[in-house]
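Down below is the structure, laid out as structure tokens.
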Amino acid sequence: MSEPRSAEELEAILKDPGFCRYSTGHTAVVDWDAETGWSEPRVEPWSDLVMDPATLGLHYGQAVFEGLKAFRSADGSVHLFRPEDHGRRLARSAARLAMAEMPATLFSRACAALVAADQRWVPGGYGQSLYLRPLLIATEPDLGLRPSKSYRCVILAYPADPCFGAGFRPLSVTTSTETVRAVRGGTGESKCAGNYAAGLLTRTEAQAAGYDEVLWLDGLERSRIEELSTMNVFLVWRDGARARVTTPPCDGTIVRGLTRDSLLTLAEDRGLAVAQEHTTIDAVRTGLRSGELAEVFACGTAGVVVPVSRLGTGGEDMTVGDGGEGPMTALLRNSLLDVQHGRTPDTHGWLRTITWADENGGRGA
Ligand code: COI
């Protein structure tokens, strides 16, 4: 945990926060049990979670999480980005794992209460944010295989640069023919802890081979591209003089990324041709060879929008475009960050401004 910091220490941290290196030292906590339902959010000093070693969440994996951000605008105001949408996604993840579903408004209030308490921890640099990590975990001790009758949602907060670095350096990715991340009907769409654990071995092997990330293929035929371990993926195709932006559809095996959704909306706002469609890894290879596939980028809350410059697949290492960042990648990232930092109007109602009332859990003074 972090101790209370002096103004000078905090200023130094906010200049170079890294990703989740320093916590604010507070958490927001909301509890649920079958008898009393959801508690009101409480902002508390950071403390260990004390759990019985027989806790259901530890043995049978009832644990889901979110990642969302608060941004500072030039006038000093602080805004959460799409907190209710993140709350709805957490509830959907929870439902898939037979866990209690927190109302999105309660989730948003809990996040806002924490951000209000930790406002001085929100950095102001373009692309920087206060990253919130809400975890919902089963807390009842029992080794019988059944849904828990109690849960805790604990929300952590960290000043953060984008998780792959402030400079959005291009990533290298590789595919796997040995392992898969998800199959239809499984938990692939859910942000459950186990999905991330299931990808770790392959991701670690990829990193040992010099790649940053795994580009997962579909679980059945291992031919269609799906997503990275930490982010969704987009392709930018040359279509005559126009660009066409595509991304795999959300049909049960990929995370319903809110950055993904925001980019699709912003691209449509700009009149770009966009499509949610499947693409095979063979079509990706062919497109890279011909130059028709001009850009590949990854996106997610933690990473924002990052170019992919190298793809290792089928024994071949291919360079995307000229190996740097393409113009569409930069355009879409800046369109998103401009909304998040209040530089352009929030025409979709994505920002929740933090007010004095949030310091009381959104219930007024
Ligand atoms: C996020 O982007 O917020 C995520 O939850 C991905 C995480 C593995 C860094």
Side-chain angles (χ1 to χ4, degrees), residues 17-24 61 63-71 80-94 96-97 107-108 111 114-115 122-123 127-137 153-166 168-169 171 173 181-182 187-204 206-207 211-216 226-234 247 250 253-264 297-308 332-333 336-337 340 350:
F19 183 68
C20 300
R21 276 208 305 256
Y22 308 94
S23 84
T24 62
V64 294
F65 70 92
E66 270 301 313
L68 71 161
K69 285 178 166 176
F71 294 86
L80 271 165
F81 187 68
R82 305 188 68 172
E84 291 204 11
D85 289 327
H86 281 279
R88 277 186 274 277
R89 189 173 66 175
L90 184 74
R92 206 175 155 121
S93 296
R96 176 64 184 82
L97 269 66
F107 174 87
S108 176
C111 293
L114 183 60
V115 177
V122 184
Q128 292 186 320
S129 63
L130 187 72
Y131 181 75
L132 302 191
R133 170 51 66 86
L135 168 73
L136 180 69
I137 184 160
C153 178
V154 56
I155 307 174
L156 320 176
Y158 304 83
D161 284 319
C163 72
F164 284 98
F168 304 108
R169 76 172 167 83
L171 302 181
V173 305
R181 184 189 164 278
T187 57
E189 182 182 292
S190 170
K191 268 185 89 70
C192 63
N195 281 347
Y196 292 81
L200 271 183
L201 175 64
T202 306
R203 188 167 189 260
T204 307
Q207 289 178 342
Y211 297 95
D212 295 297
E213 261 288 1
V214 179
L215 172 60
W216 293 102
E226 296 225 309
E227 63 177 331
L228 275 55
S229 295
T230 51
M231 291 186 274
N232 294 121
V233 67
F234 275 73
T247 190
C250 293
T253 56
I254 66 168
V255 172
R256 286 178 179 266
L258 284 156
T259 308
R260 171 190 178 282
D261 180 73
S262 305
L263 294 179
L264 285 170
F297 65 84
C299 70
T301 298
V304 191
V305 175
V306 199
V308 172
L332 289 175
R333 182 176 61 240
L336 177 66
L337 286 174
Q340 292 174 325
W350 287 336

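Atoms within each ligand, like the ligands themselves, are counted from 1 in listed order. Each residue takes its place number in the sequence, starting with 1.
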With sequence neighbours left out, write down each residue that passes ring pair (Phe, Tyr, Trp, His ring centres under 6.0 Å) with Tyr158, or none if nothing qualifies.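 By the ring pair (Phe, Tyr, Trp, His ring centres under 6.0 Å) rule, Tyr158 matches no residue at all.
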Polar side-chain atom of Ser23 near backbone of Ala157 as donor-acceptor pair, under 3.5 Å: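 Pair absent, no side-chain N/O of Ser23 close to backbone of Ala157.
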Answer yes or no: is there an ion pair linking Glu189 with Arg256, defined by an N-O contact shorter than 4.0 Å?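 Arg256 and Glu189: salt-bridged.
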Does the distance from a Lys or Arg side-chain N to an Asp or Glu carboxylate O, for Asp212 and Arg169, drop under 4.0 Å?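 Looking at Asp212 and Arg169, the cut-off is met.
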Within the 4.5 Å heavy-atom criterion, are Trp216 and Thr202 side-chain neighbours or not?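 The answer is yes, as the side chains (C-beta and beyond) meet within the 4.5 Å cut-off.
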Within the protein, flag every N or O under 3.5 Å from an N or O of ligand 1, and note the pair and distance.
unit_1	atom_1	unit_2	atom_2	d
ligand 1	2 (O)	Thr301	N	3.4
ligand 1	2 (O)	Ala302	N	2.8
ligand 1	3 (O)	Tyr131	OH	2.6
ligand 1	5 (O)	Lys191	NZ	2.8

Could you label the plane-to-plane angle of the Phe297 and Phe234 rings as parallel, tilted or perpendicular, counting under 30° as parallel and over 60° as perpendicular?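 Rings of Phe297 and Phe234: parallel, as their planes differ by under 30°.
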